[in-house]
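Working notes for the structure below.
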Amino acid sequence: MSISILMPVRNAQDTVAAAIESVRAQTWADWELVIVDDGSEDGTGEILTAFTAQDRRIAVHRLQPRGIAEALMLGCQECRGEFIARMDADDLMAPTRLEQQQAYLLAHPDAGLVSSRVRFGGTEAGYAAHVDWVNSLMTPEAMSLRRFVEAPVAHPSVMFRRELLAQHGGYRAGDFPEDYELWLRWLEAVVRFGKVDAELLTWNDPPQRLSRQDTRYSVEAFYRMKCLYLASWLKENAAAREIWLWGAGRVTRRRFDALETHGVRITGFIDVDESKRGLHRDGRPVRMADDLPDRSKTFLLAGVGARGARENIHQHLVNHGWQEGRDFLLAA
């Protein structure tokens, strides 16, 4: 078969049948569905057994509970297709997802991974805003450039070439979000990401979603992982320039402390709070947005994550002649 669909599952008896049926309804029929049941304790197992009896393209591998990263690692070993498509047990594929994403990879041999726009299947406003942001990154350049903000693709929406696993390594287990770590590692290896301009997945957001409950998906875990790869990027692309952080507040400063652990020193801070003008934080100067340091000697990280701040900082810097990727990066 040409496509392997990889679906980890645990205790998803209320949603997994619909997810599987959305796979079976695909217009592209040459696929296998590799399901890794990570120790389900509800009725999931019985539902999966019934589907394997109906459709020989579905295979279930059962584990004692180990966590999603290890389930994905095992699943990748079992996948036989040229392409691997991710899917979660609480999401829904559009009928043409496999057909369109495979066509993209076949038409773009320079692309290693393709995603799509996603439809938000929840009610929480913050998550909806994240979906809108992910859907706004439609070019390989945008996804690469904005990868230090957050993950530039929705994990269950991706399809990638299986050969990437041998070339750059696959999922890893640890105290970090396994998908974001993988995207940062592959993008650092200059794997080109694409995105189909169509909503090919309904990305649901149930209250029990793993990213809401597991410490591996905490803000602190994301920033630890982000700083590891951001430090590597800065050493490669901004080694001769002073690194300034936009955001002198304590929360922002602490989130980027890990950069120094990886050998990147913050020279100073930019802020818009007039009460901080001329002050020092952590022994480093604070300057206002109307008093930016010399652009030719400075690389700036925009680290303020408040809603709307990222766009305002970007516009301010561009208006003053700073170029994203050359002179600054958005990192929150």
Side-chain angles (χ1 to χ4, degrees), residues 1-63 68 71-72 74-76 78-105 114-123 127-128 131 134-135 153-160 162 179 195-212:
M1 83 295 306
S2 59
I3 301 172
S4 296
I5 303 152
L6 174 55
M7 179 193 293
V9 57
R10 180 191 288 180
N11 296 337
Q13 64 178 10
D14 295 333
T15 61
V16 69
I20 294 173
E21 289 293 4
S22 76
V23 173
R24 298 180 73 202
Q26 291 297 295
T27 55
W28 182 265
D30 184 23
W31 52 260
E32 65 172 357
L33 175 57
V34 177
I35 301 175
V36 182
D37 184 359
D38 186 34
S40 291
E41 297 173 333
D42 61 359
T44 298
E46 290 77 7
I47 296 171
L48 299 181
T49 297
F51 272 107
T52 59
Q54 297 174 37
D55 197 324
R56 296 176 60 185
R57 297 172 297 179
I58 301 173
V60 176
H61 304 271
R62 292 182 167 85
L63 298 175
I68 187 172
L72 289 168
L74 170 66
C76 284
E78 299 297 332
C79 288
R80 299 173 293 165
E82 179 183 1
F83 306 118
I84 297 176
R86 272 285 287 112
M87 179 63 176
D88 281 341
D90 50 11
D91 296 328
L92 299 171
M93 288 188 182
T96 61
R97 176 191 167 182
L98 297 183
E99 181 180 357
Q100 289 199 58
Q101 289 188 317
Q102 178 178 235
Y104 183 98
L105 290 173
V114 63
S115 177
S116 72
R117 289 191 288 109
V118 296
R119 181 185 300 274
F120 178 53
T123 59
Y127 211 86
V131 170
V134 169
N135 285 342
V153 293
H155 190 185
S157 75
V158 305
M159 178 186 290
F160 56 84
R162 184 161 60 94
D179 55 339
K195 191 172 285 185
V196 175
D197 190 10
E199 290 182 346
L200 299 181
L201 181 89
T202 299
W203 198 16
N204 287 313
D205 182 36
Q208 71 274 16
R209 193 177 188 91
L210 192 63
S211 59
R212 292 183 176 276

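In what follows, every heavy atom counts, from backbone to side chain, and hydrogens, waters and symmetry copies are set aside.
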Can you name the closest pair of heavy atoms from [X] and [Y] and give their distance?
{"X": "A18", "Y": "L92", "result": "O-CD2, 3.5 Å"}
{"X": "M7", "Y": "A19", "result": "CE-CB, 4.1 Å"}
{"X": "V34", "Y": "C79", "result": "CG2-SG, 4.1 Å"}
{"X": "W31", "Y": "Q26", "result": "NE1-CB, 4.4 Å"}
{"X": "R62", "Y": "G45", "result": "NH2-O, 3.2 Å"}
{"X": "W203", "Y": "P156", "result": "NE1-CG, 3.5 Å"}

[X] vs [Y] side-chain heavy atoms within contact, under 4.5 Å:
{"X": "N204", "Y": "T15", "result": "no"}
{"X": "R57", "Y": "V23", "result": "no"}
{"X": "Q101", "Y": "V158", "result": "no"}
{"X": "L98", "Y": "I5", "result": "yes"}

Those residues that, when tested against F83, pass ring-ring contact (aromatic ring centres under 6.0 Å, His included) (two or more places apart)
none
Partners meeting ring-ring contact (aromatic ring centres under 6.0 Å, His included) with Y104 (sequence neighbours left out):
H108
Taking only residues two or more places apart in sequence or in another chain, which ones pass side-chain hydrogen bond (donor to acceptor under 3.5 Å, both in side chains) with [X]?
{"X": "E78", "result": "none"}
{"X": "T44", "result": "D42"}
{"X": "S22", "result": "none"}
{"X": "R86", "result": "D88, H155"}

Name all residues meeting the side-chain contact (heavy atoms from CB on, under 4.5 Å) criterion together with [X]; count only those two or more places apart in sequence or in a different chain, and write none if there are none.
{"X": "R119", "answer": "E199, T202"}
{"X": "V134", "answer": "H130, K195"}
{"X": "A25", "answer": "none"}
{"X": "A198", "answer": "Q100, V196, L200"}

Contact list for residues 7-16, test salt bridge (charged side-chain N to carboxylate O under 4.0 Å, His left out), sequence neighbours left out:
R10-D38
Strictly by salt bridge (charged side-chain N to carboxylate O under 4.0 Å, His left out), give each pair with a member in residues 16-36 just once, sequence neighbours left out.
E21-R24, R24-D55, E32-R80
Approximate separation, where rounding is to 0.5 Å, of [X] [atom1] and [Y] [atom2]:
{"X": "D179", "Y": "I68", "atom1": "CG", "atom2": "CD1", "result": "7.5 Å"}
{"X": "I84", "Y": "C76", "atom1": "CD1", "atom2": "SG", "result": "4.5 Å"}
{"X": "S2", "Y": "R162", "atom1": "OG", "atom2": "CZ", "result": "11.5 Å"}
{"X": "L63", "Y": "S40", "atom1": "CG", "atom2": "OG", "result": "10.0 Å"}
{"X": "L105", "Y": "M159", "atom1": "CG", "atom2": "CE", "result": "6.5 Å"}
{"X": "D205", "Y": "D90", "atom1": "CG", "atom2": "CG", "result": "9.0 Å"}

What do the steps show when you test I35 against V16 for side-chain contact (heavy atoms from CB on, under 4.5 Å), and what is the final call?
CA-CA 10 Å; I35 301 175; V16 69; 5.6 Å; no
Establish, from distance only, whether the side-chain atoms of S157 and S115 form a donor-acceptor pair under 3.5 Å.
yes
Where do L72 and L6 land on the side-chain contact (heavy atoms from CB on, under 4.5 Å) test, with the steps shown first?
CA-CA 8 Å; L72 289 168; L6 174 55; 3.8 Å; yes
